[in-house]
Novice: 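Next up is a structure, given as C-alpha coordinates.
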Amino acid sequence: RDPSGEFALEAGALILADQGVCCIDEFDKMGTDQQALLEAMEQQTVSIAKAGIVCTLPAQTTVVTAANPSKGSWDLSLTLVQNLKGIMSEALLSRFDV
(Lines give C-alpha, C1' and ligand atoms only; values in the text may rest on other atoms or scores of the structure.)
Protein backbone atom coordinates (compact mmCIF):
# COMPACT_ATOMS: atom_id res chain seq x y z
CA ARG A 1 0.00 0.00 0.00
CA ASP A 2 1.12 3.52 -0.65
CA PRO A 3 1.07 6.24 2.05
CA SER A 4 -2.57 7.08 1.26
CA GLY A 5 -3.63 3.48 1.93
CA GLU A 6 -4.28 2.62 -1.72
CA PHE A 7 -2.83 -0.47 -3.35
CA ALA A 8 0.16 0.26 -5.57
CA LEU A 9 2.44 -1.76 -7.83
CA GLU A 10 6.15 -2.00 -7.19
CA ALA A 11 8.22 -3.01 -10.20
CA GLY A 12 10.22 -6.21 -9.99
CA ALA A 13 13.51 -7.14 -11.60
CA LEU A 14 12.16 -7.86 -15.11
CA ILE A 15 10.22 -4.60 -15.31
CA LEU A 16 13.15 -2.57 -13.99
CA ALA A 17 15.43 -4.25 -16.54
CA ASP A 18 13.18 -3.35 -19.50
CA GLN A 19 15.41 -2.68 -22.55
CA GLY A 20 18.37 -4.09 -20.57
CA VAL A 21 19.66 -7.26 -18.91
CA CYS A 22 18.23 -9.14 -15.92
CA CYS A 23 20.63 -11.61 -14.26
CA ILE A 24 19.10 -14.32 -12.07
CA ASP A 25 21.32 -16.40 -9.79
CA GLU A 26 20.16 -19.53 -7.92
CA PHE A 27 17.55 -20.15 -10.62
CA ASP A 28 17.10 -23.69 -9.32
CA LYS A 29 15.58 -22.25 -6.12
CA MET A 30 12.91 -20.12 -7.87
CA GLY A 31 10.26 -22.84 -7.84
CA THR A 32 6.87 -21.77 -9.22
CA ASP A 33 8.06 -18.24 -10.04
CA GLN A 34 9.59 -19.74 -13.18
CA GLN A 35 6.15 -19.75 -14.84
CA ALA A 36 5.97 -15.95 -14.60
CA LEU A 37 9.35 -15.77 -16.30
CA LEU A 38 8.05 -17.93 -19.16
CA GLU A 39 5.34 -15.36 -20.00
CA ALA A 40 7.87 -12.54 -19.88
CA MET A 41 10.28 -14.35 -22.18
CA GLU A 42 7.60 -15.43 -24.66
CA GLN A 43 5.53 -12.24 -24.86
CA GLN A 44 7.98 -9.66 -23.48
CA THR A 45 5.35 -8.50 -20.99
CA VAL A 46 4.40 -9.18 -17.38
CA SER A 47 0.67 -9.34 -16.59
CA ILE A 48 -0.60 -8.43 -13.14
CA ALA A 49 -4.09 -9.12 -11.75
CA LYS A 50 -3.98 -8.59 -8.00
CA ALA A 51 -5.84 -6.52 -5.39
CA GLY A 52 -8.08 -4.93 -8.02
CA ILE A 53 -5.12 -3.88 -10.17
CA VAL A 54 -5.05 -5.33 -13.68
CA CYS A 55 -2.28 -4.28 -16.05
CA THR A 56 0.35 -5.47 -18.49
CA LEU A 57 3.85 -4.05 -18.16
CA PRO A 58 6.67 -4.16 -20.73
CA ALA A 59 9.54 -6.56 -20.07
CA GLN A 60 11.68 -6.46 -23.20
CA THR A 61 14.60 -7.85 -21.25
CA THR A 62 17.56 -10.10 -21.93
CA VAL A 63 17.59 -12.78 -19.21
CA VAL A 64 20.79 -14.47 -18.03
CA THR A 65 20.45 -17.22 -15.44
CA ALA A 66 22.69 -19.46 -13.36
CA ALA A 67 21.46 -22.68 -11.78
CA ASN A 68 22.89 -25.71 -10.04
CA PRO A 69 22.43 -28.99 -11.93
CA SER A 70 19.84 -31.42 -10.58
CA LYS A 71 22.45 -33.90 -9.30
CA GLY A 72 24.54 -31.25 -7.59
CA SER A 73 27.39 -31.32 -10.07
CA TRP A 74 27.50 -31.24 -13.85
CA ASP A 75 27.51 -34.70 -15.46
CA LEU A 76 29.36 -34.53 -18.79
CA SER A 77 27.70 -37.78 -19.93
CA LEU A 78 24.25 -36.13 -19.79
CA THR A 79 22.68 -33.55 -22.09
CA LEU A 80 21.83 -30.02 -20.96
CA VAL A 81 18.15 -30.96 -20.57
CA GLN A 82 19.06 -34.03 -18.49
CA ASN A 83 21.39 -32.03 -16.23
CA LEU A 84 18.62 -29.48 -15.61
CA LYS A 85 15.77 -32.00 -15.26
CA GLY A 86 13.43 -30.92 -12.48
CA ILE A 87 15.04 -27.47 -12.33
CA MET A 88 13.83 -25.89 -15.54
CA SER A 89 10.99 -26.98 -17.79
CA GLU A 90 11.78 -27.71 -21.43
CA ALA A 91 9.36 -24.93 -22.44
CA LEU A 92 11.34 -22.39 -20.44
CA LEU A 93 14.69 -23.81 -21.48
CA SER A 94 13.68 -23.40 -25.13
CA ARG A 95 13.45 -19.62 -24.59
CA PHE A 96 17.19 -19.41 -23.87
CA ASP A 97 19.97 -19.28 -26.44
CA VAL A 98 22.21 -22.19 -25.45
Novice: Is there a side chain to side chain contact (heavy atoms under 4.5 Å, CB included) between Ile15 and Val46 once you walk through the steps?
Specialist: CA-CA 8 Å; Ile15 304 305; Val46 174; 3.7 Å; yes
Novice: Under a 4.5 Å cut-off applied to non-hydrogen side-chain atoms, are Gln44 and Asp18 in contact?
Specialist: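 Counting from C-beta outward, Gln44 and Asp18 never come under 4.5 Å.
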Novice: Rounded to the nearest 0.5 Å, what's the gap from CG on Leu38 to OG on Ser89? Could you check?
Specialist: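 Nearest 0.5 Å value for the CG-OG distance: 6.0 Å.
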Novice: Can you check whether Ser47's main-chain N or O pairs, donor with acceptor, with Glu39's side chain at less than 3.5 Å?
Specialist: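 Yes: the side chain of Glu39 pairs with the backbone of Ser47.
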Novice: Would you check if the side chain of Gln34 reaches a backbone N or O of Ile87 as a donor-acceptor pair within less than 3.5 Å?
Specialist: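 Judged by distance alone, yes, a pair lies under 3.5 Å.
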Novice: If you count every heavy atom of other residues, nucleotides or ligands that lies below 6.0 Å from Gln19 atom CD, does the total exceed 12?
Specialist: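 Above 12, so yes.
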Novice: Grab the two heavy atoms, one from Ser94 and one from Ala91, that are nearest each other, plus how far apart they are.
Specialist: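 Shortest heavy-atom separation between Ser94 and Ala91 comes out as OG-O, 2.6 Å.
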Novice: About how many Å separate CD1 of Ile53 and CD1 of Ile48, when rounded to the nearest 0.5 Å?
Specialist: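 Ile48 atom CD1 to Ile53 atom CD1 measures 9.0 Å (nearest 0.5 Å).
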Novice: Would you check, one step at a time, whether the test side chain to side chain contact (heavy atoms under 4.5 Å, CB included) holds for Leu14 with Val63?
Specialist: CA-CA 8 Å; Leu14 289 175; Val63 178; 3.9 Å; yes
Novice: Side-chain contact test, heavy atoms from C-beta onward, threshold under 4.5 Å: evaluate it for Phe27 versus Leu37 and give yes or no.
Specialist: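 Yes; the side chains approach each other to less than 4.5 Å.
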Novice: Is there a path from Val81 to Met41 through hydrophobic residues (I, L, V, M, F, W, Y) whose side chains come within less than 4.5 Å of each other?
Specialist: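 Yes.
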Novice: Rounded at 0.5 Å granularity, tell me how far CG in Leu92 sits from CD in Glu42.
Specialist: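 Separation between the atoms: 8.5 Å.
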Novice: Test Asp28 against Met88 for side chain to side chain contact (heavy atoms under 4.5 Å, CB included), laying out the working first.
Specialist: CA-CA 7 Å; Asp28 50 305; Met88 186 182 300; over 6 Å; no
Novice: What do the steps show when you test Trp74 against Leu80 for side chain to side chain contact (heavy atoms under 4.5 Å, CB included), and what is the final call?
Specialist: CA-CA 9 Å; Trp74 197 262; Leu80 175 69; 3.4 Å; yes
Novice: Less than 4.5 Å apart, any side-chain heavy atom of Val64 and any of Ile24?
Specialist: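 Val64 does not reach Ile24 side chain to side chain.
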Novice: OG1 of Thr65 to CZ of Arg95: how many Å apart, nearest 0.5 Å?
Specialist: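 Reported value, rounded in 0.5 Å steps: 13.5 Å.
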Novice: Just checking Lys29: does its NZ atom have more than 12 heavy atoms from other residues, nucleotides or ligands closer to it than 6.0 angstrom?
Specialist: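 More than 12 heavy atoms, drawn from other residues, nucleotides or ligands, come within 6.0 Å of this atom.
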Novice: Would you find more than 12 non-hydrogen atoms of other residues, nucleotides or ligands less than 6.0 Å from Glu26 atom CD?
Specialist: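 Yes.
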Novice: Hey, what do you get for NZ (Lys85) to CD (Glu90), rounding to the nearest 0.5 Å?
Specialist: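 These two atoms lie 9.5 Å from each other.
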Novice: Could you give the distance from CD (Gln82) to OG (Ser77), rounded to the nearest 0.5 Å?
Specialist: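 Output value for this atom pair is 8.0 Å.
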Novice: Are the side chain of Asp75 and the backbone of Asn83 linked by a donor-acceptor contact shorter than 3.5 Å?
Specialist: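 Absent.
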